[in-house]
Amino acid sequence: MHSVSHAPELKVLITRDQIRTRVAELAAQISADYSGQSVVLIGVLKGAAIFLSDLARQIQLDTTFDFISVSSYGGAKQSSGEVRLNKDVDLSMRDKNVILVEDILDTGLTLQFLRKLFLNHSPRSLKIAALLDKRSRRTAPVQAEYVGFVIPDEFVVGYGLDFNERYRNLPDVCILPPDAQ
Ligand code: IMP
């Protein structure tokens, strides 16, 4: 593992090349699964913005996207399961093939809340795409249909993911060691 030159506390876990390859594979899978149909991608701000913009450009379907914003009550690194919706969708979800796009599935509490919320919008179908899956941390029974990488229980930043709003712009997914948190 090499470190990031301007942020030596970080170690690269998933390189930009690995991400590019995997995002293209996910997009190909989505394009095949919804062949002949249209999809609506719903990105969860801010972490999913970069993943969504790369994914959307590789999907070979009639595609629209929108963003929602949530905040969870709890610390920066721990979600409590109590989620507040700060910004709702602008588009109607009724009878649409909706794919919720998240940066990372950790405990699953955020997506459990969002799944329920979106099912109330009567979509035709609802699936989840998560770039990263910290499967060992899951407490809520939520699964993503499209997963980029299953990762160990480490705090990661980059490619949209932050620590106190920093590091979102890093092109690689990096580990932030506990002594730097
Ligand atoms: P969950 O509700 O526990 O699944 O939390 C998901 C949210 O927690 C993600 O959307 C991230 O905002 C945040 N999160 C969880 N793990 C990490 C991490 O390793 N790095 C950065 N953010 C994380």
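Small disclaimer: the values here were computed from a predicted structure and weren't measured. Only this structure's heavy atoms are used, side chains among them; waters, hydrogens and symmetry mates stay out. Along the sequence shown, residues carry numbers from 1. Note that ligands are numbered from 1 as they come in the structure, with each ligand's atoms numbered from 1 the same way.
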Asn120 side, atom CG; Met93 side, atom CE - distance, nearest 0.5 Å = 13.0 Å
Rounded to the nearest 0.5 Å, what's the gap from CD1 on Ile30 to CD on Glu145? Could you check?
-> 10.0 Å
Does Gly108 come within less than 4.0 Å of ligand 1, judged by its heavy atoms?
-> yes
Say whether Arg138 and ligand 1 are in contact under the criterion: heavy-atom distance to a ligand atom below 4.0 Å.
-> no
Number the atoms of ligand 1 from 1 as they appear, then name those within less than 4.0 Å of a heavy atom of [X], with their elements.
| X | value |
| --- | --- |
| Glu154 | 19 (O) |
| Leu109 | 2 (O), 4 (O) |
| Leu161 | 20 (N), 21 (C), 22 (N) |
| Glu102 | 10 (O) |
| Thr110 | 1 (P), 2 (O), 5 (O), 6 (C) |
| Asp162 | 21 (C) |

Decide whether an N or O pair under 3.5 Å exists between Leu111 and ligand 1.
-> no
Report yes if Asp103 has an N/O atom closer than 3.5 Å to an N/O atom of ligand 1; otherwise report no.
-> yes
Are any of the side-chain nitrogens in Lys87 or Asp66 under 4.0 Å away from the carboxylate oxygens of its partner?
-> yes
State plainly whether the residues Arg138 and Asp133 are in salt-bridge range, i.e. N to O under 4.0 Å.
-> yes
In chain order, what residues pass the salt bridge (charged side-chain N to carboxylate O under 4.0 Å, His left out) check against Asp33, with sequence neighbours excluded?
-> none
Side chain, backbone, both or neither: Val157 near ligand 1, heavy atoms under 4.0 Å = neither
Using a 4.0 Å heavy-atom threshold (strictly under), name the region of Lys134 that reaches ligand 1: side chain, backbone, both or neither.
-> side chain
Arg124: what forms a side-chain hydrogen bond (donor to acceptor under 3.5 Å, both in side chains) with it, not counting sequence neighbours?
-> none
Would you say the side chain of Val12 lies within less than 4.5 Å of the side chain of Cys174, judging by non-hydrogen atoms?
-> yes
Do other residues, nucleotides or ligands put more than 12 heavy atoms under 6.0 Å from Glu25 CD?
-> yes
